[in-house]
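Computed from a prediction, not measured in an experiment: that's the story for all the values here. Sequential numbering from 1 along the given sequence is applied to the chain's residues.
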Amino acid sequence: MVIDMENMAKQRIAGLRKLMKEAGIDYYIVPTADFHGSEYVGGYFKMRSFLSGFTGSAGTLVVSEREACLWTDGRYFTQAQAQLEGSGIVLYRMGEEGVPDIWEYLEKNAGKRQIIGFDGQVMDAEFGKKLEQRYQLSYEKDVAAPLWQDRPPLSATAVWTLSAERCGMSVAEKLKAVREKMEEQGAAHLLISKLDDIMWLYNIRANDVDCNPVALSYTLVSKDSAVLFIQSRALTDETAGYFAQNHITVKEYSSLGAYLESCEIKGRIWYSGKDVNYFLYKCIEKRGELIDRENPTELLKAVKTPEELESIRKYYLLDSVVLTKFLFWVKENAGREPMDELGLARRLDRMRSEIDGFLDLSFETISAYKSNAAMAHYSANGEHSAKITADGFYLVDSGGQYMGATTDVTRTIALGSITDEMRLHFTKVACAMLRLADTKFLYGCTGRNLDIIAREPLWQCGLDYKHGTGHGIGYVLNVHEGPHSLRWQYKPESRETVLEEGMIVSDEPGMYVQGSHGIRTENIVEVVKEQKNEYGQFMGFRHLTYVPIDLDAIDIGSMEPSDIERLNAYHKAVREKLSPYFEGEELERLKNVTRAV
């Protein structure tokens, strides 16, 4: 089967080269994106996976007559290496020393007279504008499309609504807040293509992307109008009435380009170059002065309303109960009865689905045993699902979409004997998560100011993990949400966002040793205000996740007294929060696994 996939990738790359030659294209770029710059995409948009055979959610393929190359980040190095083996595609590990990025690669290899091709609808305007300064571009056609004969259709699932009471803000209130931001920037129009921003603005949801409750759509907001471009087949009479009631004009999804070409536009147009695709950018470029900056909806969406926070806290507790019971079962039965990664994922998914208000998973459950967990975004399937025994580490990263929250949590547990190195790594990761969650900081800090707090226990041992420490999370929306994040590296092009009260963010340090083990301990925390004094407003975090940390894998000797205090304090809170949901032997077990050490 692996050989077939290798040959398939070779054949598809060869077919693409033929089409490139016919179109006069020297380099063809295939990003992982839909028309909206989404992180996760529907089946129709998985062209990069189709061509290369690499199935990770992040990566960019570049093909020339001479070679084919794929860039991906540290979450997927191991997976990409395995899936690209024998395909002839060269793997470029993003962020590694000496590894050029795509721009640097093109500068070195592509001449200024050569033509760079890509589908303009899936390339973000920001990168497209950079390319056009140096190269001739071919962007108006999806050149690779003829190769994908059985390509899935565009998804068009039914749109549904969330009440203003559940969201804490009505559509009118949200539009008012957005228009105030537009006025501050002197913008007459705002073009939004980012799907979760549109869902937030209009209090709507759908299921056009697996695990992401969004509808393929665009919107153009002006001082006195709001136009939504969405597939008419996704609407019911009820949702059509809802849009009319909220004074939202609805037009067909595919008509946006023509609309932008023909409608009367006066004044400055605000758009986000990292989200709006290059094709749309070229449509608005000639219509007036442009403002390229982050959508105002990004920050408004990230700060949850009191109503949203109340619901989030409720569902995170219920979600924690389910995961704790699942981990109890795995620890008790590993080695006693047959189990594998995929079977455990399905078991947890079933348990989570029994929570009242469950809608869907928030992402495909990562159920990884031993060395498979060294791939940060490993996915077990029918062909690859390791048998689990009473030995080593098991990692599970999972979450749910509920009618009132989006959850995300990771735990690693020891199922039997582990090495001293594994125990040290586990302990340092646990200390890292708890230190960050316990930190106090002055208002004005961004995630880059705080990321080092989590990494410090690992850096002191000469260790690190190749992913960010934290990301924002949506409300019945995408499990990864900006604009805030926790990352240590300074990059001039990266936007930084002050952490505000009401934001929620993941706290997920890890440790990965290829061929051996992977560890990640992830809690979700809420940004809260602490005391205010002559030095300013102090901020902090409050746990939303209450799941025990496996004491069987803790090395007390490698912990500082303050780390032990944090672990005991966290476990005391877990015991108090979860005890009402446990009884009998399970309750005794809960008390034991959260005992003071």
Contacts of type salt bridge (Lys or Arg N to Asp or Glu O under 4.0 Å), residue Arg595, not counting sequence neighbours: none

Side chains of Val396 and Phe326 in contact at under 4.5 Å (non-hydrogen atoms): yes

Flag side-chain contact, heavy atom, 4.5 Å: Leu578 against Leu317: yes

Side chain proximity check, Asn372 to Met375, heavy atoms < 4.5 angstrom: yes

4.5 Å side-chain heavy-atom contact, Thr521 and Glu508: no

Lys301 bridged to Asp196 by N-O distance under 4.0 Å: yes

Lys/Arg-Asp/Glu bridge criterion (N-O < 4.0 Å) met for Glu298, Arg495: no

Side chains of Asp408 and His471, donor plus acceptor under 3.5 Å: yes

Residues which pass side chain to side chain donor-acceptor pair (under 3.5 Å) with Tyr512, listed by chain and number, not counting sequence neighbours: His467, Arg520

Residues Asp73 and Arg93 bridged, charged N to O under 4.0 Å: no

Salt bridge Lys591-Glu588, side-chain N to carboxylate O under 4.0 Å: yes

Lys370 to Tyr394, cation-pi by 6.0 Å centre distance and 45° axis angle: no

Asn207 and Thr157: side chain donor to acceptor below 3.5 Å: no

With sequence neighbours excluded, residues passing salt bridge (Lys or Arg N to Asp or Glu O under 4.0 Å) with Arg455: Asp451, Asp464

Straight-line distance of Ile413 CD1 to Ile418 CD1, nearest 0.5 Å: 11.5 Å

Leu442: partners by side-chain contact (heavy atoms from CB on, under 4.5 Å), with sequence neighbours left out: Phe538

Of all pairs that satisfy ring pair (Phe, Tyr, Trp, His ring centres under 6.0 Å), the ones with a partner from residues 335-370, not counting sequence neighbours: Phe358-Tyr402

Pair listing, ring pair (Phe, Tyr, Trp, His ring centres under 6.0 Å) test, anchored in residues 414-459, at least two apart: Phe393-Phe426, His425-His517, Phe441-Phe541, Trp459-Trp488

Spacing of Met339 atom CE and Ser367 atom OG [to the nearest 0.5 Å]: 10.5 Å

Pair Ser57, Tyr76: side-chain N/O donor-acceptor within cut-off below 3.5 Å: yes

For Arg487, all residues meeting side-chain contact (heavy atoms from CB on, under 4.5 Å), sequence neighbours excluded: Ser485

Residue pair Val99 / Met94, side-chain heavy-atom distance below 4.5 Å: no

Parallel, tilted or perpendicular, as decided by the 30° and 60° cut-offs, for the rings of Trp71 and Tyr92: parallel

For Thr545, side chain to side chain donor-acceptor pair (under 3.5 Å) partners two or more places apart: none

Gap between atom CG of Asp438 and atom CG of Leu434 - 0.5 Å precision: 8.0 Å

Separation of Arg352 CZ from Thr365 OG1 (nearest 0.5 Å): 6.0 Å

Gln401 and Thr406: side chain donor to acceptor below 3.5 Å: yes

Lys314 with Glu310: basic N within carboxylate O range, under 4.0 Å: no

salt_bridge(Glu341, Lys387) N-O dist < 4.0 Å: no

Distance-only side-chain donor-acceptor flag, Glu456 / Gln460, under 3.5 Å: yes

Salt bridge Glu308-Arg166, side-chain N to carboxylate O under 4.0 Å: no

Residues Arg313, Glu526: salt bridge by 4.0 Å N-O rule: yes

Arg12 NZ/CZ over Phe50 ring centroid, <6.0 Å and within 45° of normal: yes

Heavy-atom side-chain contact between Tyr40 and Thr32 under 4.5 Å: no

Test: Asp397 and Arg411 ion pair at under 4.0 Å: no

Pairing residues for Asp349 by the salt bridge (Lys or Arg N to Asp or Glu O under 4.0 Å) criterion, not counting sequence neighbours: none

Glu585, CD: over 12 other non-hydrogen atoms inside 6.0 angstrom: no

Spatial distance of atom CZ (Phe54) from atom CG (Leu70) [nearest 0.5 Å]: 6.0 Å

Spacing of CD1 belonging to Ile549 relative to CG belonging to Leu327, to within rounding of 0.5 Å: 12.0 Å

Sub-4.5 Å side-chain heavy-atom contact between Met403 and Arg205: no

Residues forming a side-chain contact (heavy atoms from CB on, under 4.5 Å) with Lys46, sequence neighbours excluded: Val41, Ser49, Trp148

Asp319 vs Thr407, side chain to side chain donor-acceptor pair (under 3.5 Å): CA-CA, chis, key distance, verdict: CA-CA 7 Å; Asp319 198 81; Thr407 67; 3.2 Å; yes

Sequence-distant partners of Ser379, side chain to side chain donor-acceptor pair (under 3.5 Å), two or more places apart: Glu364

Heavy-atom side-chain contact between Pro509 and Asp507 under 4.5 Å: yes

Partners meeting side chain to side chain donor-acceptor pair (under 3.5 Å) with His543 (sequence neighbours left out): Asn523

